[in-house]
> 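Take this structure first; my questions come after.
This is a predicted model, so every value here is computed, not measured. First listed ligand is number 1; within each ligand, the first listed atom is number 1.
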Amino acid sequence: MPTDVQPRSAFRGITIALSKGRIFQDTRPLLAAAGIEPQADPEQSRELIIGTNRPDVRLVIVRASDVPTYVQYGAADLGVAGLDVLLEHGGDGLYQPLDLRIARCRMMVAVPSGFDYAAAIGRGARLRVATKYIRTASEHFAAKGMHVDLIKLYGSMELAPLTGLGDAIVDLVSSGGTLRANNLVAVEHIRDISSRLIVNVAAWKLQRSHIAPLLEIFQQAVQPG
Ligand code: ATP
Ligand code: MG
(Lines give C-alpha, C1' and ligand atoms only; values in the text may rest on other atoms or scores of the structure.)
(Ligands and ions follow the chains in the order given, each with its own letter.)
Protein backbone atom coordinates (compact mmCIF):
# COMPACT_ATOMS: atom_id res chain seq x y z
CA MET A 1 0.00 0.00 0.00
CA PRO A 2 1.41 3.41 -0.89
CA THR A 3 1.58 5.69 2.14
CA ASP A 4 0.94 8.88 0.16
CA VAL A 5 -2.64 8.01 -0.82
CA GLN A 6 -4.00 10.83 -2.94
CA PRO A 7 -7.51 12.12 -2.49
CA ARG A 8 -9.76 10.51 -5.12
CA SER A 9 -10.59 13.92 -6.47
CA ALA A 10 -8.78 17.18 -5.79
CA PHE A 11 -11.96 19.13 -6.49
CA ARG A 12 -13.29 20.63 -3.28
CA GLY A 13 -16.64 22.07 -4.44
CA ILE A 14 -19.99 20.53 -5.31
CA THR A 15 -20.12 17.97 -8.14
CA ILE A 16 -23.50 17.41 -9.79
CA ALA A 17 -24.12 14.28 -11.92
CA LEU A 18 -26.46 14.73 -14.89
CA SER A 19 -27.30 12.78 -18.03
CA LYS A 20 -27.45 14.31 -21.51
CA GLY A 21 -30.71 14.89 -23.27
CA ARG A 22 -33.97 15.67 -21.53
CA ILE A 23 -32.57 15.61 -18.00
CA PHE A 24 -29.81 18.08 -18.81
CA GLN A 25 -32.23 20.31 -20.75
CA ASP A 26 -34.87 20.28 -18.01
CA THR A 27 -32.31 20.77 -15.20
CA ARG A 28 -30.76 23.83 -16.88
CA PRO A 29 -33.47 26.29 -15.73
CA LEU A 30 -33.14 24.99 -12.16
CA LEU A 31 -29.37 25.53 -12.28
CA ALA A 32 -29.94 29.00 -13.77
CA ALA A 33 -32.24 29.84 -10.85
CA ALA A 34 -29.27 29.10 -8.59
CA GLY A 35 -27.00 31.29 -10.73
CA ILE A 36 -25.22 28.26 -12.20
CA GLU A 37 -24.34 28.45 -15.92
CA PRO A 38 -22.60 25.43 -17.50
CA GLN A 39 -19.50 26.41 -19.49
CA ALA A 40 -20.17 23.87 -22.25
CA ASP A 41 -23.14 22.12 -23.82
CA PRO A 42 -22.82 18.35 -23.31
CA GLU A 43 -24.75 17.76 -26.57
CA GLN A 44 -21.94 19.54 -28.48
CA SER A 45 -18.90 18.97 -26.33
CA ARG A 46 -17.07 15.71 -25.70
CA GLU A 47 -16.05 16.84 -22.24
CA LEU A 48 -17.45 14.67 -19.47
CA ILE A 49 -16.61 17.15 -16.73
CA ILE A 50 -18.16 20.53 -17.39
CA GLY A 51 -17.24 23.57 -15.36
CA THR A 52 -19.69 26.30 -14.51
CA ASN A 53 -19.45 30.04 -13.94
CA ARG A 54 -19.14 29.15 -10.25
CA PRO A 55 -15.69 27.79 -9.37
CA ASP A 56 -17.26 25.75 -6.55
CA VAL A 57 -19.74 23.89 -8.81
CA ARG A 58 -19.02 21.44 -11.64
CA LEU A 59 -21.09 18.95 -13.61
CA VAL A 60 -20.25 15.39 -14.58
CA ILE A 61 -22.10 13.92 -17.56
CA VAL A 62 -22.91 10.20 -17.19
CA ARG A 63 -25.42 7.64 -18.47
CA ALA A 64 -28.87 8.17 -16.95
CA SER A 65 -28.72 4.80 -15.21
CA ASP A 66 -25.24 5.56 -13.77
CA VAL A 67 -26.28 8.79 -11.99
CA PRO A 68 -27.33 7.06 -8.70
CA THR A 69 -24.07 5.09 -8.64
CA TYR A 70 -21.92 8.23 -8.93
CA VAL A 71 -23.88 9.87 -6.12
CA GLN A 72 -24.02 6.76 -3.91
CA TYR A 73 -20.22 6.47 -3.89
CA GLY A 74 -19.65 10.20 -3.47
CA ALA A 75 -18.05 10.70 -6.90
CA ALA A 76 -20.81 13.29 -7.25
CA ASP A 77 -22.48 15.08 -4.33
CA LEU A 78 -25.76 15.69 -6.11
CA GLY A 79 -27.50 14.24 -9.12
CA VAL A 80 -30.73 14.23 -11.08
CA ALA A 81 -32.20 10.80 -11.78
CA GLY A 82 -35.52 9.45 -13.02
CA LEU A 83 -37.67 7.56 -10.53
CA ASP A 84 -37.48 4.62 -12.98
CA VAL A 85 -33.70 4.54 -12.55
CA LEU A 86 -33.90 5.06 -8.77
CA LEU A 87 -36.34 2.18 -8.33
CA GLU A 88 -33.96 -0.14 -10.16
CA HIS A 89 -30.93 1.15 -8.24
CA GLY A 90 -32.66 0.76 -4.88
CA GLY A 91 -31.57 4.08 -3.37
CA ASP A 92 -28.71 2.88 -1.12
CA GLY A 93 -26.52 5.76 0.08
CA LEU A 94 -28.89 8.31 -1.43
CA TYR A 95 -31.03 10.97 0.09
CA GLN A 96 -33.96 11.91 -2.19
CA PRO A 97 -35.21 15.25 -0.90
CA LEU A 98 -36.95 16.72 -3.94
CA ASP A 99 -39.20 15.73 -6.83
CA LEU A 100 -38.09 18.12 -9.59
CA ARG A 101 -41.22 17.31 -11.67
CA ILE A 102 -39.16 17.17 -14.88
CA ALA A 103 -38.87 14.39 -17.52
CA ARG A 104 -42.37 13.24 -16.61
CA CYS A 105 -43.82 10.10 -18.10
CA ARG A 106 -45.55 6.87 -17.06
CA MET A 107 -44.26 3.36 -16.66
CA MET A 108 -46.67 1.09 -18.52
CA VAL A 109 -47.24 -2.47 -19.62
CA ALA A 110 -47.80 -2.58 -23.39
CA VAL A 111 -48.72 -5.38 -25.80
CA PRO A 112 -49.28 -5.75 -29.58
CA SER A 113 -52.67 -4.23 -30.48
CA GLY A 114 -54.22 -7.59 -31.36
CA PHE A 115 -53.21 -9.30 -28.12
CA ASP A 116 -55.95 -9.86 -25.50
CA TYR A 117 -53.95 -9.18 -22.34
CA ALA A 118 -56.92 -9.51 -19.96
CA ALA A 119 -57.86 -12.90 -21.43
CA ALA A 120 -54.25 -14.12 -21.22
CA ILE A 121 -54.13 -13.16 -17.54
CA GLY A 122 -57.57 -14.70 -16.99
CA ARG A 123 -56.43 -18.11 -18.22
CA GLY A 124 -53.21 -17.84 -16.19
CA ALA A 125 -50.88 -17.76 -19.21
CA ARG A 126 -47.23 -17.32 -18.31
CA LEU A 127 -46.24 -14.22 -20.26
CA ARG A 128 -42.80 -13.25 -21.44
CA VAL A 129 -42.16 -9.60 -20.65
CA ALA A 130 -39.18 -7.70 -22.07
CA THR A 131 -37.95 -4.69 -20.12
CA LYS A 132 -35.06 -2.58 -18.91
CA TYR A 133 -36.86 -2.33 -15.54
CA ILE A 134 -36.55 -5.86 -14.13
CA ARG A 135 -36.97 -4.90 -10.47
CA THR A 136 -40.00 -2.65 -10.89
CA ALA A 137 -41.64 -5.06 -13.34
CA SER A 138 -41.06 -8.05 -11.09
CA GLU A 139 -42.60 -6.22 -8.10
CA HIS A 140 -45.56 -5.13 -10.23
CA PHE A 141 -46.39 -8.62 -11.52
CA ALA A 142 -45.74 -10.23 -8.12
CA ALA A 143 -48.22 -7.80 -6.52
CA LYS A 144 -50.81 -8.89 -9.10
CA GLY A 145 -50.05 -12.55 -8.38
CA MET A 146 -48.90 -13.06 -11.97
CA HIS A 147 -46.06 -15.39 -12.91
CA VAL A 148 -44.08 -13.90 -15.79
CA ASP A 149 -40.71 -14.54 -17.39
CA LEU A 150 -38.79 -11.27 -17.49
CA ILE A 151 -36.28 -10.68 -20.27
CA LYS A 152 -33.69 -7.98 -19.63
CA LEU A 153 -33.13 -5.45 -22.42
CA TYR A 154 -31.08 -2.25 -22.46
CA GLY A 155 -33.15 -0.30 -24.99
CA SER A 156 -35.78 -0.32 -27.78
CA MET A 157 -38.19 -2.47 -25.79
CA GLU A 158 -40.91 -1.87 -28.38
CA LEU A 159 -39.03 -4.12 -30.80
CA ALA A 160 -39.40 -7.19 -28.58
CA PRO A 161 -43.06 -8.13 -29.28
CA LEU A 162 -42.58 -7.40 -33.01
CA THR A 163 -39.84 -10.01 -33.24
CA GLY A 164 -41.33 -12.62 -30.93
CA LEU A 165 -38.90 -11.90 -28.11
CA GLY A 166 -41.73 -11.22 -25.70
CA ASP A 167 -45.53 -11.07 -25.36
CA ALA A 168 -45.43 -7.73 -23.56
CA ILE A 169 -43.07 -4.95 -22.54
CA VAL A 170 -42.70 -2.68 -19.53
CA ASP A 171 -41.52 0.73 -20.73
CA LEU A 172 -41.84 4.47 -20.24
CA VAL A 173 -44.53 6.24 -22.20
CA SER A 174 -45.11 9.96 -22.60
CA SER A 175 -47.07 10.86 -25.74
CA GLY A 176 -47.68 7.25 -26.76
CA GLY A 177 -46.27 7.99 -30.22
CA THR A 178 -43.60 5.30 -30.09
CA LEU A 179 -46.16 2.67 -29.02
CA ARG A 180 -48.53 3.67 -31.83
CA ALA A 181 -45.74 3.68 -34.42
CA ASN A 182 -44.99 0.07 -33.46
CA ASN A 183 -48.62 -1.07 -33.26
CA LEU A 184 -48.54 -1.51 -29.48
CA VAL A 185 -51.11 -0.47 -26.89
CA ALA A 186 -50.66 0.33 -23.22
CA VAL A 187 -52.71 -2.03 -21.04
CA GLU A 188 -51.53 -1.22 -17.51
CA HIS A 189 -50.24 1.85 -15.73
CA ILE A 190 -47.53 0.87 -13.24
CA ARG A 191 -46.58 4.31 -11.94
CA ASP A 192 -46.01 7.94 -12.70
CA ILE A 193 -42.35 8.82 -13.26
CA SER A 194 -40.47 12.08 -12.85
CA SER A 195 -36.88 13.00 -12.02
CA ARG A 196 -35.63 13.52 -8.48
CA LEU A 197 -32.77 15.42 -6.95
CA ILE A 198 -30.53 12.93 -5.19
CA VAL A 199 -27.84 13.71 -2.63
CA ASN A 200 -24.97 11.60 -1.29
CA VAL A 201 -25.87 10.97 2.37
CA ALA A 202 -22.36 11.76 3.67
CA ALA A 203 -22.18 14.97 1.59
CA TRP A 204 -25.58 15.97 2.95
CA LYS A 205 -24.19 15.78 6.48
CA LEU A 206 -20.70 17.18 5.84
CA GLN A 207 -21.46 19.85 3.23
CA ARG A 208 -24.88 20.86 4.38
CA SER A 209 -23.99 24.56 4.40
CA HIS A 210 -23.20 24.27 0.67
CA ILE A 211 -26.03 21.96 -0.33
CA ALA A 212 -28.98 23.28 1.70
CA PRO A 213 -29.10 26.70 -0.04
CA LEU A 214 -29.03 25.01 -3.45
CA LEU A 215 -31.82 22.68 -2.43
CA GLU A 216 -33.86 25.66 -1.24
CA ILE A 217 -33.49 27.41 -4.60
CA PHE A 218 -34.34 24.27 -6.60
CA GLN A 219 -37.41 23.80 -4.41
CA GLN A 220 -38.61 27.34 -5.23
CA ALA A 221 -37.91 26.83 -8.95
CA VAL A 222 -39.86 23.55 -9.33
CA GLN A 223 -42.82 24.06 -11.65
CA PRO A 224 -46.11 23.50 -9.82
CA GLY A 225 -48.99 21.45 -11.26
P1 ATP B 1 -29.45 5.69 -22.00
O2 ATP B 1 -29.64 6.49 -23.26
O3 ATP B 1 -28.18 6.02 -21.26
O4 ATP B 1 -29.70 4.24 -22.16
P5 ATP B 1 -32.04 6.52 -21.24
O6 ATP B 1 -32.51 6.16 -22.60
O7 ATP B 1 -32.81 5.98 -20.07
O8 ATP B 1 -30.52 6.17 -20.98
P9 ATP B 1 -33.05 9.13 -21.53
O10 ATP B 1 -33.87 8.66 -22.66
O11 ATP B 1 -32.31 10.43 -21.61
O12 ATP B 1 -31.95 8.08 -21.14
O13 ATP B 1 -33.97 9.13 -20.25
C14 ATP B 1 -33.54 9.70 -19.06
C15 ATP B 1 -34.70 9.71 -18.10
O16 ATP B 1 -35.76 10.51 -18.64
C17 ATP B 1 -35.30 8.34 -17.83
O18 ATP B 1 -34.63 7.70 -16.77
C19 ATP B 1 -36.73 8.70 -17.48
O20 ATP B 1 -36.84 9.06 -16.12
C21 ATP B 1 -37.00 9.92 -18.34
N22 ATP B 1 -37.68 9.57 -19.59
C23 ATP B 1 -37.39 8.54 -20.41
N24 ATP B 1 -38.24 8.49 -21.45
C25 ATP B 1 -39.07 9.53 -21.29
C26 ATP B 1 -40.15 10.04 -22.05
N27 ATP B 1 -40.57 9.46 -23.17
N28 ATP B 1 -40.76 11.17 -21.62
C29 ATP B 1 -40.35 11.78 -20.51
N30 ATP B 1 -39.34 11.33 -19.73
C31 ATP B 1 -38.70 10.22 -20.11
MG1 MG C 1 -33.78 6.84 -24.08
> Have a look at Ser195, Ser174, Ala64 and point out the one with the heavy atom closest to atom 12 (O) of ligand 1.
Ala64
> Give yes or no for whether the N/O distance cutoff of 3.5 Å, strictly under, is met between Ser19 and ligand 1.
no
> So if I count the atoms of ligand 1 from 1 in the order they appear, which ones are less than 4.0 Å from some heavy atom of Val85?
18 (O)
> Show which atoms of ligand 1 fall inside a sub-4.0 Å distance from at least one heavy-atom site of Gly82.
20 (O)
> Please confirm whether Tyr133 comes within less than 3.5 Å of ligand 1 when only nitrogen or oxygen atoms on both sides are compared.
no
> Can you list the ligand 1 atoms lying under 4.0 Å from a non-hydrogen atom of Ile23?
15 (C)
> Heavy-atom contacts with Leu172 under 4.0 Å: which atoms of ligand 1 show up? List them by number with element.
19 (C), 22 (N), 23 (C), 24 (N)
> Report yes or no: does Arg101 contribute a side-chain atom to a donor-acceptor pair with the main-chain N or O of Gln223 at less than 3.5 Å?
yes
> Within a radius of less than 6.0 Å around NE2 of His189, do more than 12 heavy atoms belonging to other residues, nucleotides or ligands occur?
yes
> Is the backbone N or O of Val57 less than 3.5 Å from a side-chain atom of Thr52, with the two atoms forming a donor-acceptor pair by type?
yes
> Does the side chain of Glu88 pick up a donor-acceptor pair with the side chain of Thr136 at under 3.5 Å?
yes
> Is it the case that atom CZ in Arg46 sees more than 12 heavy atoms from other parts of the structure closer than 6.0 Å?
no
> Give a yes or no on this: more than 12 heavy atoms of other residues, nucleotides or ligands lie within 6.0 Å of atom OH of Tyr73.
no
> Just let me know how Arg104 lines up against ligand 1, side chain, backbone, both or neither, with a heavy-atom cut-off below 4.0 Å.
backbone
